[in-house]
Amino acid sequence: MQTRIIPHYFSLVRIRRLIAFALMLLLPLGFIGYLGYEMSRSERARTTSQFDRLLNQQLNDIDRVFQDEMLSIEQELVQAYETANGEVSAVESPLMLEAFELNATGELLLPTASSPNTSEQEFLRRTRSIWQSGIRLPTLSESSVAVPPSLQKVSQYGNRIARNSQQLRPSITASQTGWHAWFYSNDVHLLHWLQLPNGHLIGSELNRPALIARLIGALPASSSLPDARIILRSATRRVLHQWGSHSPAEAEVPLLSLALSPPLETWSLDYHSRDLPQATGGLSRTVLLNLIGLATTFLVIALWFYRENNRTLREAARRVSFVNQVSHELKTPLTNIRLYTEMAAARLPDDDVSANQSLAVVSQETNRLSRLINNVLSFARSERDNLQLHPKRLPIGDALATCLHHWQPALALAGIEVTITQDEPAAVLADPDAFEQIIGNLFSNLEKYTAQSGESKLTVTAHHNDIHLDLIDQGPGIPRNVHKDVFTPFTRLNSSLTEGVSGTGIGLSIARNLAREMDGDLILIPSQSGSHFRLTLPSATP
Amino acid sequence: MKKQLLQLLAGFALMQPGAALAAPLTFQAELSHPLLPAGEKQTAYLKVGVTGGITPEENQRAAINLALVLDRSSSMAGDKMARAREAAKLAVSRLQSNDIVSVVSYDDVVEVIVPATKLTDKEAVYRAIDALTPRGSTALFAGVSKGAEELRKFKNKEAINRVILLSDGLANVGPQSPSELGQLGASLGSEGISVTTIGLGSGYNEDLMNQLALHSDGNHSFVQTPQELAKVFDQELGDLLSVVASNLTLEVTLAEGVRPVRALGRDADINGQSITVSFNQLYAEQNKFLLLEVETPSREANQDLLVATAEVKFRDLTSQENSSSKTRTVARIVEDKERVATSANREVMIAATSFIATERSTAAVKLRDEGKIEEAKIIITENRAELARSAKKWDSTELATQAEYQVSDLEEVDSPQWEGKRKAMIQRRNERVSQNRGYRSKD
């Protein structure tokens, strides 16, 4: 005996309904949520890249300011050499610490090693590493800054060798001039040099603090940067200058860092900001409100549907309940009718044929009525899980005979003959009323759908722990594609089949439910012609 | 002959106090030993200096181009900031409408609160100053840089360009070592911009402030209490209003055979026989000089020896013209060594002694900074003894006072008040070396 725990039809429906409702609610919400997230993400990405571009631009602007200032400084230096008239002596420019001269082979001519001047001696000491390595400055320096034409008129060092390197204004022919950076006393220092027509090089060591002060002077006001801070850092990451009203936290990582252009390439700019793009990015308020509105609408619609559904169900339940009530009401008088009909039939003399016939019809119809009412009641009860069956040992042969006896007149009228075949005596564990109902519903269908079709066979066989009752008819059969709909309550097959047939459409559904309640089943087996129903019930045969 | 020339010039200045064409300065060169011993070398001191004439009339003075750079770090909270604002406004009030003023404030960052403009609306400047509130740290370097930049907008030869820097704390943003500030000072000085540094309280770095002022030829003052700020600024303005000459270059060319040993106190550019020094400005009645230690050659007696020729080039601010003055220093070789000693120039010797003592005192400070207190004390004691001896020899109150300072320095060398003492020492040294007189707190 197969024990199947099958959820009762009604609870299945309820669970399915709940799942459907949940999906209807959650899926749109899920999509909206995801849409919102995606929009927010792409918005943020866009804002971040915009922000990055802005930062980059700002820092590059500062770099340009510095480049312009370095150009002015270079002009001043070249002019200072000019004033000194080729003689490297007392420094004229406030930006110079010391001046020097190299000959064409890169040897240091001035200041001389034996100079009594203390500051010159200091200079030699500081720059010793440069001269000792014996490298020629022009070959060393990568950064060649173009001397603008206005200066070239003034300068007598008019060496018009065009250099094809980093030029700020490519259209100007450059003089050989440039910068040289060297590392001394923990930081980078700059030398400026200019090549003379005779191949000699003159130049100067830059006053580093003065250079920094000049660059600071060229910068815009701190108030132009209200929510950010830019920090200029040396090669050793020391703060050279900072501006902007925002004060970054200790060890805060800058949003963007930019190394300056040569000759200041060892310095960098760090950008810190109060407003991080993540905070300002994301959805705009209107978009967010719209998404919320959409979600709310879906929620409202879902709730409305749920309520409607509930109302419909409650309506249906009320109708079922009503029918149930009515059926109950009908049952009592019906029982009386049956009783008195049987009594009258028993007292009637056998030779009063028409009276006997009339009573037989009454008896049959009352049976039918009773069956219908039972069906409805069963259905209602099963819907409300109120069905209570009392299975007991039921000999099949007797039960079937009784059923057939009740149905004989009706079936004969419909031109159907049912033959029962039973190999050996069998008994099932079943509720007798339920059994009668099942068989009755099956016969009812025969009557309705297989009229004039001839013989229907009912075979009883034993299989393992079950008893199989196979009802095979010669009727029109049921198309394969609607097999599963047959057992669905209130479902009747297409009108071609049911045209002109009365019925409630709950017969087979009731029959199956009852069978299953008794640990059996009612199935439709595909067949070439006609219909083949199989009722399975647990065997009670010892 | 030198002295006679000096007296003549001085007399000339005194005789005609109100004369519009009075010379803005007098130029003098004096040798410590006008008589030199025959047949041997002699270490002598040559003092070449200028003395400012009388204060020009208010309507004749050169225009002032002033940048006030004020510390507004959080340590300036309370009385300090209030007094600083007061003092700044007082300074502005002493200027006229053809003077140019800018105000720069600095904390973490630098802000130009009054860009350089002609002072036609004093009230607007006062309002900007009144809006200063303390906050943040100390970007001193940036403050000076921006102040100098404001000056450059209107910088010209005819005006006196000055940055007045006020700070009460340690510079902690940007370049902050004394040598870096010194280099900045030198650069600004050679641009014709002097930076006067005013240190308030005991929390600032006096070496830094001193180097900045010294190399740019500005004043340096150590102010102990905020109440004195108004007076300090007032004195500074007084100096500015009394400038008689600017862009001074002193060049001393030693004669052949005379060996330059060193320049005392100042950073002078020694190039062979030629020594050059520059000053940015000269105040009325201020005496600024270069003190050279030289070695005269061995010569035979009874002849004159040309020791040096000196020239000063400068801009006369009252007439707005460039001018110059020359002088010659000649000594006489004598046989009598006693006469050599007795004829020594008292003033020059006092100056030389003072400078040498200052140098030793600086060395003692350095030792004290390194924690070598006992060695510092030894130097100070020796110094004091030497000063006392010289004070008596030359009958000099100045040297005696300096000796007294040595005593108190000795006492303070290992005391917790060292910070304050050190600041006072640095100020005094600055004065002696640069002859720029900062404000003196009442001791």
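In the text below, chain A, chain B and the rest are named by the order of the sequence lines, each starting its count at 1.
Contact count against chain B (heavy-atom pairs under 4.5 Å) is highest for I216(A) among L219(A), I216(A), V239(A), I231(A). When R208(A), R214(A), R229(A) are compared by the number of non-hydrogen pairs under 4.5 Å with chain B, R229(A) comes out ahead.
Residues of residues 128-143 of chain B that come closer than 4.5 Å to chain A, counting heavy atoms only, are F141(B), A142(B), ordered by residue number. Below 4.5 Å, heavy atoms of chain A meet heavy atoms from G174(B), P175(B), Q176(B), E180(B), Q183(B), all part of residues 174-183 of chain B. Near-neighbour residues of residues 65-75 of chain B relative to chain A, defined by a heavy atom under 4.5 Å from a heavy atom of that chain, are none.
Salt-bridge annotation for D270(A) and R237(A): present, with a side-chain N of the basic residue lying under 4.0 Å from a carboxylate O of the acidic one. Salt-bridge check for R152(B) with E149(B): passed, with a basic side-chain N closer than 4.0 Å to an acidic carboxylate O.
Q273(B) places a side-chain N or O within donor-acceptor distance of the main-chain N or O of A255(B), the cut-off being under 3.5 Å. Using a distance-only test at 3.5 Å, with no hydrogens or angles considered, a donor-acceptor pair links the side chain of N156(B) to the main chain of F154(B).
For the pair L191(A)/H189(A), no side-chain contact is recorded, criterion being any heavy-atom separation below 4.5 Å from C-beta on. When side chains are defined from C-beta on, K313(B) does not count as touching N247(B), because their heavy atoms never get closer than 4.5 Å. Residues K326(B) and T309(B) fail the side-chain proximity criterion, which asks for heavy atoms closer than 4.5 Å.
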As a quick check of understanding, evaluate side chain to side chain contact (heavy atoms under 4.5 Å, CB included) for V110(B) and S145(B), giving each step before the final call. CA-CA 9 Å; V110(B) 64; S145(B) 303; over 6 Å; no

For L292(B) and V48(B), run side chain to side chain contact (heavy atoms under 4.5 Å, CB included): C-alpha distance rounded to whole Å, both residues' side-chain angles, the deciding distance at 0.1 Å, then the answer. CA-CA 8 Å; L292(B) 283 171; V48(B) 182; 5.6 Å; no

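Legend: residues meeting ring-ring contact (aromatic ring centres under 6.0 Å, His included) with F355(B), ordered by chain and number and at least two apart, are F289(B).
Ring geometry for H192(A) versus W179(A): interplanar angle over 60°, hence perpendicular rather than tilted (30 to 60°).
Neither the backbone nor the side chain of S245(A) comes within contact range of chain B, judged by heavy atoms closer than 4.5 Å. Residue contact with chain A, scored on non-hydrogen atoms closer than 4.5 Å, is absent for V112(B). At a 4.5 Å heavy-atom cutoff, the contact between I270(B) and chain A is made by backbone atoms alone.
Side chains of Q281(B) and S194(B): a donor on one and an acceptor on the other come within 3.5 Å.
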